[in-house]
Amino acid sequence: MTGAYTAAGQPDKKIWVHFTKDDTASSIVWANGTVTQPAALSTAPSPNEAVVKGVIPVSVSDTASDKWRLELALTDTAATVAPTTGWTKATDFTVAAATRVSNFDVDPDTVTLKSGTSVDVAVRAVIEKAGGEVLKEARVESDDTSDYYSLQTGMEADDKTYYDYVSMDSSTSTGRWQAKLTITRGAKTYSFVKGFDVKKGTTSKAKSKVTFAVSPTKVKKGKSVKMYGTVYRGYTSWGPWKKKIVKLYFKKKGTKTWKFAAYIGANNSGKFTKTVKPKYDGYWRVGAFATSLTLGKWSAYKYVDVR
């Protein structure tokens, strides 16, 4: 605001703001915002200007549109009510609908890990998109440790429903966990979380883990990709799970069901490899299934884009 102060440093005018949610309405409804008025100074500054800040309320019940308008007015400093005339258009602006995640659910919400077996933990949500949203990452993660499981980022056929699951066993960290969906929209990133608890019983079985990679992850139909990794087992330290047979599974993009694709045998170093010709876009993973002495484990999934 220019000419903001008298020579004695007192505010010369009071500034007001009001706004409408629809500047095309036949009868426009205005609502007042809140302005922090310039403070008194000992003398007028040079240049005689003040930066004025304020706020207007926007709530989840408001209608998103590009019809919002902000206007300003000046009065004497003694005025106690907003003026009825003298308003000047400041700007038109857009209020966009928010990205929302509803029906976010983890089942079971208290996971009790059982000795010698795995517990499937399902994550479900509805992502209410307002425009341009991309699900960049989905995972379940421990609040207290670095333990986590990756989830797929594909949506169901309706492009709003999300579903996936992980298998937890007694090697999983106990305590407070959360399911986390990370969504980008333009330059902004949003994270939505749902908490749950993990409790663990005792077991004398060895743990296992699986690394899994795919190369390349983008391929022309009819061409091959290499799927490979290493399977480990251990009590106090990791070693190769020699000659372990792992199972390769595939889930077509937009579907819910993982389907068995092939058996792959590991060598004495626990390494395995398989050449596959994917027909469809989708997700791949391998499972090292439990024995009487060793717990089973799923690998992280990998997405292959078939061109």
Side-chain angles (χ1 to χ4, degrees), residues 1-104 125-138 143 159-160 162 178-195:
M1 181 167 61
T2 58
Y5 295 94
T6 65
Q10 297 299 308
D12 189 50
K13 297 290 184 181
K14 178 180 285 189
I15 189 167
W16 300 82
V17 59
H18 72 185
F19 67 98
T20 180
K21 302 175 184 180
D22 185 359
D23 64 356
T24 64
S26 57
S27 179
I28 296 178
V29 177
W30 297 97
N32 292 325
T34 302
V35 177
T36 301
Q37 302 296 329
L41 304 175
S42 57
T43 59
S46 180
N48 190 355
E49 298 174 349
V51 176
V52 180
K53 296 181 179 181
V55 295
I56 60 172
V58 182
S59 72
V60 294
S61 62
D62 286 323
T63 300
S65 78
D66 59 356
K67 300 176 182 180
W68 292 56
R69 173 180 288 188
L70 184 72
E71 292 188 344
L72 305 174
L74 294 172
T75 65
D76 292 335
T77 56
T80 58
V81 295
T84 57
T85 60
W87 292 93
T88 300
K89 175 184 173 182
T91 186
D92 291 329
F93 62 99
T94 298
V95 172
T99 302
R100 299 182 185 180
V101 171
S102 61
N103 300 318
F104 200 173
V126 175
I127 300 177
E128 301 177 32
K129 299 181 179 180
E133 286 87 349
V134 176
L135 178 58
K136 298 295 289 186
E137 185 181 39
D143 288 357
D159 198 36
K160 65 178 183 180
Y162 178 82
Q178 65 181 14
K180 183 178 181 180
L181 302 179
T182 301
I183 298 169
T184 62
R185 178 178 172 185
K188 294 190 177 295
T189 299
Y190 306 90
S191 291
F192 299 86
V193 298
K194 178 71 173 182

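These figures come from a predicted structure and were not determined experimentally. Reckoned from all heavy atoms, side chains included, excluding hydrogens, waters and symmetry mates.
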Next on the checklist: With side-chain hydrogen bond (donor to acceptor under 3.5 Å, both in side chains) as the criterion, how do S65 and T63 come out once you've worked through the C-alpha distance, each side chain's angles and the decisive distance to 0.1 Å?
Outcome noted: CA-CA 6 Å; S65 78; T63 300; over 6 Å; no

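The two atoms that bring E49 and A4 nearest to each other are C-CB, 4.1 Å, heavy atoms only. Counting all heavy atoms, side chain and backbone alike, A97 lies closest to A64 at N-CB, 3.4 Å. Heavy atoms only, all atoms of each residue included: I56 and F93 are closest at CD1-CZ, 3.6 Å. Listed here is the closest heavy atom pair of W16 and A79: CZ2-O, 3.9 Å.
Within 6.0 Å of atom NZ in K194, 12 or fewer heavy atoms from other residues, nucleotides or ligands are found, so the atom counts as exposed in its surroundings.
Distance CG/L41 to OG1/T6: 9.5 Å, rounded to 0.5 Å. If you take OG1 on T36 and CD1 on I15, they are separated by 11.0 Å, rounding to the nearest 0.5 Å. Once rounded to the nearest 0.5 Å, the distance linking OG1 of T77 with CD of Q10 reads 8.5 Å. Rounding to the nearest 0.5 Å places CG of D62 at 3.5 Å from NZ of K21. Between the CG atom in L135 and the CZ atom in F192 there is a gap of 10.5 Å [rounded to 0.5 Å]. For the atom pair NZ of K67 and OG1 of T20, the computed distance is 10.5 Å after rounding to the nearest 0.5 Å.
Inter-residue side-chain proximity for P38 and M1 is flagged as met; some heavy-atom pair is nearer than 4.5 Å. Counting heavy atoms from C-beta outward, I183 and V101 have side chains that approach closer than 4.5 Å. Side-chain contact between F104 and Y162 is absent, with no heavy atoms from C-beta onward closer than 4.5 Å.
Using a cutoff of 4.0 Å between basic side-chain nitrogens and carboxylate oxygens, R69 and D92 are scored as salt-bridged. Using a 4.0 Å cut-off between charged side-chain N and carboxylate O, K13 and D76 make a salt bridge.
In this pair, W30 and H18 present their aromatic rings parallel. The plane angle is below 30°, not in the 30 to 60° band.
Within the structure, every pair that satisfies the salt bridge (charged side-chain N to carboxylate O under 4.0 Å, His left out) test and touches residues 182-191, not counting sequence neighbours, is listed here: E133-R185.
Just one residue in the list T43, N48, D12 forms a side-chain contact (heavy atoms from CB on, under 4.5 Å) with Y5, and that residue is N48.
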